[in-house]
A.B. asks: 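I'd like to ask some things about the structure below.
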Amino acid sequence: MKTRIKNILRLQPVGETITVTGWVRTKRDTGSFSFVEISDGSSLANLQVIAGESLANYHSAITSLGTGSSVVVSGELKESPAKGQAVELHADDIEVVGTADAETYPLQKKRHSFEFLREMSHLRPRTNALGAVGRVRSRLSYAVHQFFQIRDFVQVHTPIITTSDCEGAGEMFQVSTGQEKGSDDHFFGHSAGLTVSGQLQAEVYALALGDVYTFGPTFRAENSHTSRHLAEFWMIEPEMAFCDLQSNMQLAEQMLKYLLEDAMEHCQEDMQLFDKFIEKGLLKKLRAVVDKDFAHITYSEAIERLSKSKKKFEYPVEWGVDMQSEHERYLTEEVFKCPLAVTDYPASIKPFYMRVNDDKKTVAAMDILVPGIGEIIGGSQREERLEVLEGRMVEAGIDLKEYNWYLDLRRYGTVPHSGFGLGFERLVQFVTGMANIREVIPFPRTPGSAPC
Ligand code: ATP
Ligand code: MN
């Protein structure tokens with residue numbers, strides 16, 4: 001039975017005979033014995049193995065072990081006399097499972113740029129930084145479910161293939177068998193695409209089960225070459241019945257704080273790596289986000305602030321235009337210096353399902369902006385009034401017949417309800433300090449690129 005290195009370093013069972021499996025990170029020969037650093041991916045820290053001449057294969061296999069080769073090591077765990085590690089494993093047996101040629105192994109000891117590593121999605125998780133991202137991402141995913149489950153939210157698996165195309169106008173990937181002969185000959189009897197959001201289907205379940213959430217892959221064929229956009233990303237979308245915009249925003253704030261705190265508590269070693277090498281001051285920044293209330297501002301106030309500011313923006317602002325990332329980041333980074341909820345956007349720039357405010361010009365929308373990223377959450381209270389919703393849909397040129405099911409939710413037992421979408425990769429970016437979103441998803445899909 002193998003023991004994970006994370007647990008060996010945590011429990012330090014000195015005197016016990018243990019077996020570890022992993023990959024060689026570095027090796028240093030001293031003549032009659034070698035120091036071999038092994039990583040098994042369970043933690044950032046490696047286990048130091050002492051391999052001596054008494055091993056049958058010492059001269060034939062161990063001295064020539066290259067970085068990246070895989071081994072099974074058994075031996076006794078002892079206290080380490082040297083600085084740098086508390087314990088070390090004195091090997092009685094090392095089986096070399098797979099060699100790695102030192103000449104050609106692409107991950108040499110020097111530091112590689114993230115751009116370079118992107119060209120080898122299949123090897124980059126073996127680096128310290130990308131391995132740490134992998135562990136933090138996994139922990140955050142777990143914490144998302146925990147956050148909702150302890151609050152009695154029901155998880156809904158919304159479809160990946162969808163026939164509701166109103167939201168993704170122009171952004172939806174089409175799904176086809178390639179065999180269709182005419183426009184009426186679709187596999188599903190209707191044109192279909194990959195989902196851009198699970199919201200409309202989450203609403204169905206919210207209006208039956210109360211508080212629900214979906215957490216799944218989302219696809220957008222937008223041709224954005226930015227550090228914050230992917231063509232395939234994961235989104236967390238809670239939807240709550242009997243819930244207005246205020247409670248919606250409260251949940252979003254609670255959730256972000258919960259997730260940041262969870263990562264800091266359960267991924268200390270990895271978070272320290274990010275704090276030291278990726279974004280200096282990251283932990284202090286995240287701690288402040290957890291401890292302070294988020295700021296609030298309406299869209300109209302935001303536009304006023306932006307137009308009065310002395311800062312030169314690439315895109316000019318005026319009431320009615322969508323804010324660009326430069327505007328969002330100015331507000332959260334320079335004006336408020338903390339996460340900021342912007343509410344009540346013009347109806348004309350927001351989707352048909354957002355609830356129209358009494359002024360008839362704005363809708364009950366909320367975006368949450370964070371320093372370094374800009375928009376991390378987009379949400380709203382949904383339009384629950386049948387006539388108002390129909391009016392908005394007609395205005396948007398949507399065929400009401402296609403959305404009869406959605407309108408039924410307003411015909412039969414309609415209630416005020418709200419929800420939001422949190423981009424999971426933007427969250428992982430915020431938590432790890434990674435500058436580019438391509439580093440926080442294992443296999444990034446962007447225009448022109450989909451390796452592995
Ligand atoms: P943006 O304005 O940043 O492009 P959006 O307004 O199009 O985002 P929404 O439709 O509100 O995004 O989606 C909800 C959340 O999903 C966003 O707040 C963001 O966190 C995330 N998100 C949206 N598009 C992408 C993308 N292409 N890649 C990664 N995450 C995304
Ligand atoms: Mn948005």
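Remember, it's 1-based here, ligands and their atoms both numbered in the order they're listed. Atom set for the values below is all heavy atoms of this structure, side chains included, hydrogens, waters and symmetry mates excluded.
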A.B. asks: Check which protein N, O or S atoms are less than 2.8 Å from the Mn ion (ligand 2) and report how many there are.
C.D. replies: 1
A.B. asks: Mark up the atoms of ligand 1 that fall under 4.0 Å of a heavy atom belonging to M235, in ascending order.
C.D. replies: 13 (O), 14 (C), 15 (C), 16 (O)
A.B. asks: Hey, which atoms in ligand 1 end up nearer than 4.0 Å to a heavy atom of G423?
C.D. replies: 15 (C), 16 (O), 20 (O), 21 (C)
A.B. asks: If the test is side chain to side chain donor-acceptor pair (under 3.5 Å), which one of E253, E261, Q254 qualifies with K257?
C.D. replies: E253
A.B. asks: Is it true that R355 and E384 make a salt bridge, defined as a side-chain N closer than 4.0 Å to a carboxylate O?
C.D. replies: yes
A.B. asks: Would you mind telling me if ligand 1 is within reach of the side chain of H229, the backbone, both or neither, using heavy atoms under 4.0 Å?
C.D. replies: both
A.B. asks: For I437, counting its heavy atoms only, list the atoms of ligand 1 lying under 4.0 Å from any of them.
C.D. replies: 29 (C)
A.B. asks: Could a heavy atom of E375 be found less than 4.0 Å from some atom of ligand 1?
C.D. replies: yes
A.B. asks: Out of all atoms in ligand 1, which are within 4.0 Å of some heavy atom of R228? Include the element for each.
C.D. replies: 3 (O), 28 (N), 29 (C)
A.B. asks: Establish, yes or no, whether the cationic atom of R445 lies under 6.0 Å from the six-membered ring centre of F443 and within 45° of the ring axis.
C.D. replies: no
A.B. asks: Going by heavy-atom distance to atom 20 (O) of ligand 1, choose the closest among V440, I376, L427, I349.
C.D. replies: I376
A.B. asks: Where the side chain of D185 meets the backbone of K181, is there a donor-acceptor pair that is under 3.5 Å apart?
C.D. replies: yes
A.B. asks: Taking 4.0 angstrom as the limit, do K6 and E269 come out as a salt bridge?
C.D. replies: no
A.B. asks: Is a side-chain donor or acceptor of T127 paired with a backbone partner of R124 at a separation under 3.5 angstrom?
C.D. replies: yes
A.B. asks: Should the pair K284-E279 be classified as a salt bridge under the 4.0 Å nitrogen-to-oxygen rule?
C.D. replies: no
A.B. asks: Looking at E222, which atoms of ligand 1 are within less than 4.0 Å of one of its heavy atoms?
C.D. replies: 24 (N), 26 (C), 27 (N)
A.B. asks: Go through ligand 1 atom by atom and flag the ones less than 4.0 Å from a non-hydrogen atom of I377.
C.D. replies: 18 (O)
A.B. asks: How close do L200 and S164 get, heavy atom to heavy atom, and via which atoms?
C.D. replies: CD1-CB, 4.4 Å
A.B. asks: Between side-chain atoms of residues 207-214 and protein atoms elsewhere (two or more places apart, or another chain), which donor-acceptor pairs fall under 3.5 Å?
C.D. replies:
| unit_1 | atom_1 | unit_2 | atom_2 | d |
| --- | --- | --- | --- | --- |
| Y213 | OH | H145 | ND1 | 2.8 |
| Y213 | OH | Q149 | NE2 | 2.9 |

A.B. asks: Got a donor-acceptor contact below 3.5 angstrom from the R426 side chain to the I376 backbone?
C.D. replies: no
